[in-house]
Student: 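One structure follows; several queries about it will come next.
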Amino acid sequence: MREQFDEQLEEIRSDLVELCARTEVAIDCATRALLDTDRDAADRAAEVCADIDIRGRELDYRALTLIARQQPVAQDLRALISGIHNIADLRRMGSLAAHIAEVARLHHPVPVVPFELRGIISDMGVAATAQAAAAREVVRTRDEATALDLIWADERTDELLRKLFAATKGDDWLYGAASAVNMTLLGRFYERFCDHTVEISRRVIFVITGELPDE
């Protein structure tokens with residue numbers, strides 16, 4: 001019975017790793033759609049995000065079923081409860097990537113991002129993809145040091161968001177209120193995407209140590 005439980009638990013963790021990998025693809029496609037006015041990339045992002053949601057629902061059910069049938073305790077219970085919360089974070093990450101892609105789709109073939117802000121948005125996309133990849137490694141390895149590194153790395157996205165906000169509020173902003181709103185929303189989408197990777201890392205630390213790190 002224990003061997004079967006361990007196998008099912010490992011399968012859930014493996015599928016969580018794969019779900020993390022799917023968020024990498026989603027945010028990368030969404031960023032390409034945005035910066036390159038690439039309709040195919042937007043469609044691909046939407047497809048991957050829908051897949052994340054479907055897989056997430058199925059994985060959530062399996063984790064709940066395993067808790068109900070096996071009544072795990074200690075670290076196993078922490079792993080399953082944290083996994084359920086992580087699934088919710090990953091599904092939300094998929095939704096955020098889909099929102100970014102949808103902005104690009106709605107404006108296609110007109111570029112959404114003003115030339116002056118392409119560097120910031122590109123950096124935010126790179127940071128988000130890197131944090132999704134780091135979250136995948138954290139879930140795969142359950143390495144506390146890697147999890148802490150991811151948490152500290154989130155400051156980069158916060159810094160980029162501050163720069164973005166400053167640019168849209170500056171006296172030299174030439175693109176009107178609608179563009180400023182779009183850029184603000186996009187910045188928030190990237191920020192929240194990265195925030196979810198931080199929450200995943202915090203929960204992995206909880207699984208390892210039994211304590212949540214300070215926010």
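All figures in this text were calculated on a predicted structure; none of them were measured in a lab.
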Student: Going by side chain to side chain contact (heavy atoms under 4.5 Å, CB included), His196 matches just one of Thr23, Leu90, Leu96. Which one?
Tutor: Leu96
Student: So, does Ser122 use its side chain to make a donor-acceptor pair with the main chain of Arg118 at under 3.5 Å?
Tutor: no
Student: Just verifying a value: how many Å separate Leu80 CG and Phe5 CZ, rounded to the nearest 0.5 Å?
Tutor: 5.5 Å
Student: According to a hydrophobic-cluster definition based on side-chain heavy atoms being under 4.5 Å apart (Ile, Leu, Val, Met, Phe, Trp, Tyr only), do Tyr61 and Leu77 belong together?
Tutor: no
Student: With a 4.5 Å limit on heavy-atom distance, are the side chains of Arg55 and Asp15 in contact?
Tutor: no
Student: Please confirm whether the backbone N or O of Glu10 pairs with a side-chain atom of Ser14, one donor and one acceptor, at under 3.5 Å?
Tutor: no
Student: Check the pair Asp43, Arg105 against side chain to side chain contact (heavy atoms under 4.5 Å, CB included), reporting the backbone distance first and the verdict last.
Tutor: CA-CA 8 Å; Asp43 291 342; Arg105 189 204 303 269; 2.5 Å; yes
Student: Output yes when Asp123 and Arg156 qualify as a salt bridge under the 4.0 Å nitrogen-oxygen rule, no when they do not.
Tutor: yes
Student: Got Ile81 and Arg203 here, is their nearest side-chain heavy-atom distance under 4.5 Å?
Tutor: no
Student: Between Tyr175 and Thr168, is there a side-chain donor-acceptor contact under 3.5 Å, judged purely by atom types and distance?
Tutor: no
Student: Between Asp28 and Arg32, does any side-chain N to carboxylate O distance fall below 4.0 Å?
Tutor: yes
Student: Atom CZ in Arg13, atom CD in Glu18: separation rounded to 0.5 Å?
Tutor: 15.0 Å
Student: Ignoring hydrogens and angles, tell me if any N or O in the side chain of Arg136 forms a donor-acceptor pair with the backbone of Cys20 under 3.5 Å.
Tutor: no
Student: Could you check if a side-chain atom of Glu47 sits within less than 4.5 angstrom of a side-chain atom of Asp51, using non-hydrogen atoms only?
Tutor: no
Student: What heavy-atom pair brings Ile151 and Arg202 nearest, and what distance separates the two atoms?
Tutor: CD1-CG, 3.7 Å
Student: Arg78 versus Ile208: any side-chain heavy-atom pair under 4.5 Å?
Tutor: no
Student: Which atoms form the tightest heavy-atom contact between Ala42 and Ala33, and what is the distance?
Tutor: N-CB, 3.5 Å
Student: Identify whether Phe206 and Ile84 are in the same connected component of the hydrophobic contact network (ILVMFWY, side-chain heavy atoms under 4.5 Å).
Tutor: no
Student: Distance-only, no hydrogens or angles: does the Trp152 side chain make a donor-acceptor pair with backbone N or O of Glu155 under 3.5 Å?
Tutor: no
Student: Establish, for the pair Lys169 and Phe165, whether the NZ or CZ atom is under 6.0 angstrom from the six-membered ring centre and no further than 45 degrees off its axis.
Tutor: yes
Student: If you compare all heavy atoms of Ala132 against all heavy atoms of Glu24, which two are closest, and at what distance to 0.1 Å?
Tutor: CB-CG, 3.6 Å
Student: Is there a side-chain contact between Gln8 and Arg62 in this structure, where contact means two heavy atoms from C-beta onward sitting under 4.5 Å apart?
Tutor: no
Student: Please determine whether residues Ile200 and Val207 belong to a single hydrophobic cluster, defined as Ile, Leu, Val, Met, Phe, Trp and Tyr linked transitively by side-chain heavy-atom distances below 4.5 Å.
Tutor: no
Student: Report the distance from atom CG of Leu164 to atom CD1 of Ile120, rounding to the nearest 0.5 Å.
Tutor: 5.5 Å
Student: With the 4.5 Å side-chain cut-off for hydrophobic clustering, are Val181 and Phe189 part of the same group?
Tutor: yes
Student: Looking at Asp36 and Asp38, would you say the former's side chain and the latter's main chain have a donor-acceptor pair under 3.5 Å?
Tutor: no
Student: Go through it in stages, so that I can follow the logic: the residues are Gln131 and Val198, the test is side chain to side chain contact (heavy atoms under 4.5 Å, CB included), and I'd like the CA-CA distance, side-chain angles, deciding distance and then a yes or no.
Tutor: CA-CA 8 Å; Gln131 286 195 219; Val198 170; 4.3 Å; yes
Student: Are Asp195 and Arg192 close enough for a salt bridge, meaning some N to O gap below 4.0 Å?
Tutor: yes
Student: To check you understand the geometry: which heavy-atom pair defines the closest contact between Leu34 and Ile100, and what is its length?
Tutor: CD2-CG2, 4.0 Å
Student: As a quick check of understanding, evaluate salt bridge (charged side-chain N to carboxylate O under 4.0 Å, His left out) for Arg162 and Glu159, giving each step before the final call.
Tutor: CA-CA 5 Å; Arg162 288 191 289 270; Glu159 178 187 348; 5.5 Å; no
Student: For Thr146 and Arg142, indicate whether the former's side chain and the latter's backbone hold a donor-acceptor pair under 3.5 Å.
Tutor: no
Student: How many angstroms lie between atom CG of Leu117 and atom NZ of Lys163, to the nearest 0.5 angstrom?
Tutor: 12.0 Å
Student: Do Glu211 and Ile205 come within less than 4.5 Å of each other through their side chains, counting heavy atoms only?
Tutor: no
Student: Can you tell me how far CE of Met183 sits from CD of Glu116, rounded to the nearest 0.5 angstrom?
Tutor: 10.5 Å
Student: Evaluate the side-chain proximity of Asp143 to Val138: yes if any heavy-atom separation is below 4.5 Å, no if none is.
Tutor: no
Student: Under a plain distance cut-off of 3.5 Å, with no hydrogens placed, do Asn182 and His107 share a side-chain donor-acceptor pair?
Tutor: yes
Student: When you group the ILVMFWY residues by side-chain heavy-atom contacts below 4.5 Å and let the links chain together, are Leu64 and Leu9 in the same group?
Tutor: yes
Student: Go through the steps for Leu16 and Leu59 under the test side chain to side chain contact (heavy atoms under 4.5 Å, CB included), then give the verdict.
Tutor: CA-CA 8 Å; Leu16 263 176; Leu59 191 55; 4.0 Å; yes
Student: Please find the pair of heavy atoms, one from Ala147 and one from Ser201, that lie closest to each other, and give the distance.
Tutor: O-CB, 3.6 Å
Student: Testing the basics here: between Ala104 and Val112, what is the closest heavy-atom pair and its distance to 0.1 Å?
Tutor: CA-CG2, 4.2 Å
Student: Nearest 0.5 angstrom please: Tyr190 OH to Leu161 CG, how far?
Tutor: 12.5 Å
Student: What I'd like to find out is whether the side chain of Asn86 reaches to under 4.5 Å of the side chain of Asp89, using heavy atoms alone.
Tutor: yes
